[in-house]
Protein chains: 2
Amino acid sequence: MSKVQKLPTIRRLPTYLHKLNEMRKSGIEIVATPELARYMHLEAIVVRKDLASTGVTGQPGVGYKVAELIDAIRAFLSWDNTSEAVLVGAGSLGSAILGYEGFEEYGLRIIAAFDTDPAKIGRTIHDREVFPVSRLAELTRRMRIHMGIICVPAEYAQKVADELVEGGVWGIWNFANVSLKVPDNVVVQREVIAGGLAVLSVKLTALRRELNSESE
Amino acid sequence: MSKVQKLPTIRRLPTYLHKLNEMRKSGIEIVATPELARYMHLEAIVVRKDLASTGVTGQPGVGYKVAELIDAIRAFLSWDNTSEAVLVGAGSLGSAILGYEGFEEYGLRIIAAFDTDPAKIGRTIHDREVFPVSRLAELTRRMRIHMGIICVPAEYAQKVADELVEGGVWGIWNFANVSLKVPDNVVVQREVIAGGLAVLSVKLTALRRELNSESE
DNA sequence: CGGCTATGGATATTTTTTTATCAATACTGC
DNA sequence: GCAGTATTGATAAAAAAATATCCATAGCCG
Ligand SMILES: NC(=O)c1ccc[n+]([C@@H]2O[C@H](COP(=O)([O-])OP(=O)(O)OC[C@H]3O[C@@H](n4cnc5c(N)ncnc54)[C@H](O)[C@@H]3O)[C@@H](O)[C@H]2O)c1
Ligand SMILES: NC(=O)c1ccc[n+]([C@@H]2O[C@H](COP(=O)([O-])OP(=O)(O)OC[C@H]3O[C@@H](n4cnc5c(N)ncnc54)[C@H](O)[C@@H]3O)[C@@H](O)[C@H]2O)c1
């Protein structure tokens with residue numbers, strides 16, 4: 001069982017990457033931790049550790065080369081080679097994801113979409129053709145796609161996952177609100193958007209409690 | 001500075017909650033940790049700790065009462081009183097969020113949307129009226145809304161955040177790819193969807209390395 | 001050149017989170 | 001009712017992540 005370390009660091013890396021890409025675009029070549037830390041609302045030491053874990057090394061007294069950082073992060077995340085994916089469920093969330101150009105920056109290219117809705121099949125959404133889900137396994141295998149993105153209602157997610165696995169997929173990014181059963185050699189990452197809302201709620205409650213007790 | 005503990009637990013709670021709600025709907029009254037653990041792909045001990053942190057207590061040898069668990073989780077997350085929010089940026093992601101009924105389960109009700117696009121202003125999206133963003137601060141204050149959801153392109157996010165703060169908001173759920181500057185008495189939760197993709201990428205690479213080395 | 005400041009990197013410490021162990025409780029089947 | 005099993009909850013240990021300290025290096029400025 002592959003046990004991946006430093007999950008919190010990995011989750012932060014895309015944010016560094018995005019900021020660094022912006023910096024590079026505006027001609028900045030060197031960046032020091034305190035600046036990144038301010039931007040990220042983190043302690044400088046956290047940033048340094050995060051960057052170190054990708055293998056880059058900076059210049060004491062100076063900082064890091066932006067271009068090197070970008071390369072190191074992308075290499076660490078295996079985002080230096082674009083990987084192709086299919087998206088299943090071209091509903092509202094699925095369409096939003098299809099239309100998000102940001103993923104190209106993250107080495108993800110969504111090649112095609114699949115749906116059951118006859119009104120969608122055969123049309124294109126954000127330039128990607130929508131195929132009937134009945135052809136999911138077949139086309140996924142034929143196109144040698146190794147990642148699937150699930151945006152169907154929860155009750156159909158398992159069936160879709162099974163077909164993705166049958167199609168030879170190695171990784172599944174699951175936005176549906178269910179836990180999927182897949183073979184050991186397939187990785188599932190479930191995106192629980194409500195998790196962020198939960199954190200926000202708790203922080204809000206804590207802050208309000210604090211402010212109330214202060215004012216007493 | 002409010003320092004909230006047990007963030008990983010908090011992120012997992014919505015998933016328990018959803019499953020428990022499903023169980024209640026199908027008439028199940030008692031649940032034991034091993035079952036939840038199987039569903040969540042976690043160790044039973046993690047589940048027990050998570051549940052314990054909400055304050056519920058189970059019956060040794062039996063399990064937990066589903067209804068009690070639901071109440072405890074909702075209370076812990078302050079989701080027992082529905083809170084109202086406004087959404088800014090009724091684009092593709094914004095519309096998806098507006099249309100997602102799942103948030104009601106999590107105590108969130110989106111009251112209105114705001115946008116700059118004249119084509120959207122005045123129309124309704126998923127039954128919510130779209131107002132011009134020029135009225136954001138005013139209406140937020142007048143409706144006594146305390147949460148804002150930002151779904152605008154990154155470059156406008158800070159301006160929107162400023163107006164939300166001016167409108168008296170306490171919490172901001174930020175889907176844009178920037179770090180926001182807000183006063184100390186406002187909480188921002190940034191949702192970095194690419195974070196999940198990063199984790200998936202790293203796990204995939206690790207798994208493939210493992211499989212390769214095994215086959216040698 | 002020489003002191004001053006900013007910075008990264010190595011190492012150590014602390015805190016948080018995950019995992020393990022075990023006694024106590026309740027149900028099951030006989 | 002009693003033995004066996006499943007389960008919780010308390011306590012302890014281990015692992016992971018965040019934080020602190022200190023030293024070496026680099027640039028700056030007079
Ligand atoms: N919208 C959100 O903000 C949001 C947030 C978090 C999670 N989610 C989850 O994302 C998923 C999709 O949500 P949505 O709002 O886009 O719903 P949606 O109803 O807009 O879209 C679902 C799409 O899936 C298609 N579909 C249904 N069954 C299918 C099947 N068997 N195979 C292929 N396609 C199928 C439908 O035709 C539709 O186009 C849900 O599981 C939801 O819980 C959505
Ligand atoms: N679509 C995704 O899958 C996805 C994923 C992750 C993050 N995001 C982020 O979410 C945000 C929105 O993405 P999207 O795909 O919905 O983009 P989009 O272009 O579809 O929607 C943006 C909406 O914001 C409106 N808008 C622009 N400026 C505004 C302003 N100043 N005030 C109010 N409204 C304004 C636009 O009119 C448009 O309706 C972006 O910041 C994006 O990075 C999107």
Side-chain angles (χ1 to χ4, degrees), chain A residues 1-13 15-16 20 23 28-73 76 192 195 198-199 202-203 206, chain B residues 1-13 15-16 20 23 28-69 72-73 76 192 195 198-199 202-203 206:
Chain A
M1 283 283 120
S2 54
K3 191 94 179 195
V4 175
Q5 228 84 331
K6 294 193 263 198
L7 265 302
T9 291
I10 294 170
R11 287 192 163 277
R12 284 189 292 262
L13 290 178
T15 308
Y16 294 112
L20 291 166
M23 287 178 157
I28 298 169
E29 291 180 359
I30 303 281
V31 65
T33 2
E35 188 186 347
L36 282 175
R38 243 188 330 274
Y39 175 75
M40 302 275 292
H41 299 134
L42 293 171
E43 296 298 315
I45 180 80
V46 178
V47 176
R48 220 170 295 140
K49 285 249 161 181
D50 284 349
L51 301 184
S53 70
T54 68
V56 273
T57 98
Q59 194 61 252
V62 184
Y64 299 84
K65 291 191 184 160
V66 172
E68 275 182 14
L69 271 184
I70 291 174
D71 289 347
I73 294 176
F76 184 79
V192 184
V199 173
V202 171
K203 283 186 181 167
Chain B
M1 282 287 120
S2 55
K3 192 93 180 194
V4 174
Q5 228 83 334
K6 291 191 265 202
L7 266 304
T9 292
I10 294 170
R11 288 193 163 275
R12 284 189 292 262
L13 289 178
T15 307
Y16 294 113
L20 290 166
M23 287 178 156
I28 299 169
E29 290 180 2
I30 302 281
V31 65
T33 6
E35 188 186 347
L36 283 175
R38 240 186 334 272
Y39 174 75
M40 302 275 292
H41 299 134
L42 293 171
E43 296 299 312
I45 180 79
V46 177
V47 176
R48 221 169 295 138
K49 286 251 161 182
D50 284 348
L51 301 184
S53 70
T54 69
V56 273
T57 97
Q59 193 62 250
V62 184
Y64 299 83
K65 290 189 185 163
V66 172
E68 275 183 15
L69 270 185
I73 294 176
F76 184 78
V192 184
V199 174
V202 171
K203 282 186 182 167

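Residue numbers start from 1 in every chain, and the chains themselves are labelled A, B, ... in the order their sequence lines are given, proteins ahead of strands.
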>> Categorize A:K49 for me: base, sugar-phosphate, or nothing, with a 4.0 angstrom heavy-atom threshold over every strand shown.
In response: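 Base contact - A:K49 has a heavy atom under 4.0 Å of at least one base atom.
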
>> Applying a 4.0 Å non-hydrogen cut-off, can you work out what A:L7 is touching in the nucleic acid: base, sugar-phosphate, or nothing?
In response: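 Sugar-phosphate only.
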
Protein-nucleotide distance ([X], atom [atom1]; [N], atom [atom2]), rounded to Å:
| X | N | atom1 | atom2 | answer |
| --- | --- | --- | --- | --- |
| B:Q59 | D:dG9 | CD | P | 8 Å |
| B:K65 | C:dA26 | NZ | P | 12 Å |
| B:L36 | D:dA6 | CG | P | 18 Å |
| B:L51 | D:dT8 | CG | C1' | 11 Å |
| A:K6 | C:dT16 | NZ | C1' | 18 Å |
| B:I10 | C:dT18 | CD1 | C1' | 16 Å |
| A:R11 | D:dA18 | CZ | C1' | 18 Å |
| A:R38 | C:dA6 | CZ | P | 12 Å |

> Can you tell if the side chain of B:V47 reaches within under 4.5 Å of the side chain of B:Y64, non-hydrogen atoms only?
Replying inline: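 Heavy-atom side-chain distance check fails, nothing below 4.5 Å.
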
> Do B:Y16 and B:L69 touch side chain to side chain, with heavy atoms closer than 4.5 Å?
Replying inline: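 Not in contact.
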
> With respect to the phosphate group of D:dT8, does any side-chain polar atom (N or O) of B:T57 fall under 4.0 Å of OP1 or OP2?
Replying inline: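 So the side chain of B:T57 is outside the cut-off, no N or O lying under 4.0 Å from OP1 or OP2 of D:dT8.
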
>> Looking at B:Y64, I'd like to know whether one of its side-chain N or O atoms comes within less than 4.0 Å of OP1 or OP2 on D:dG9.
In response: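 So the side-chain polar atoms of B:Y64 do come within 4.0 Å of the phosphate oxygens OP1 or OP2 of D:dG9, strictly under.
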
>> If you assign A:R48 and A:P8 each to the DNA chain D nucleotide with the nearest heavy atom, which residue ends up on the more 5' nucleotide?
In response: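 So the residue in question is A:P8.
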
> Closer to the 5' end of DNA chain D via nearest nucleotide, is it A:I45 or B:G61?
Replying inline: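 The residue closer to the strand's 5' end, by nearest nucleotide, is B:G61.
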
> B:L36 and B:V31: side chain to side chain contact (heavy atoms under 4.5 Å, CB included), yes or no, with the steps?
Replying inline: CA-CA 8 Å; B:L36 283 175; B:V31 65; 3.9 Å; yes

>> Could you report the tightest heavy-atom contact between A:M40 and A:R12, atom names first, then the distance?
In response: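 That would be CE-O, 4.0 Å.
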
> Hey, mind stepping through A:F76 and A:L13 against side chain to side chain contact (heavy atoms under 4.5 Å, CB included) and telling me if it holds?
Replying inline: CA-CA 9 Å; A:F76 184 79; A:L13 290 178; 3.5 Å; yes

>> So if I take every side-chain heavy atom of A:A32 and compare against C:dT18, C:dT7, D:dA18, which nucleotide ends up nearest?
In response: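 For A:A32, the side-chain atoms sit closest to C:dT7.
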
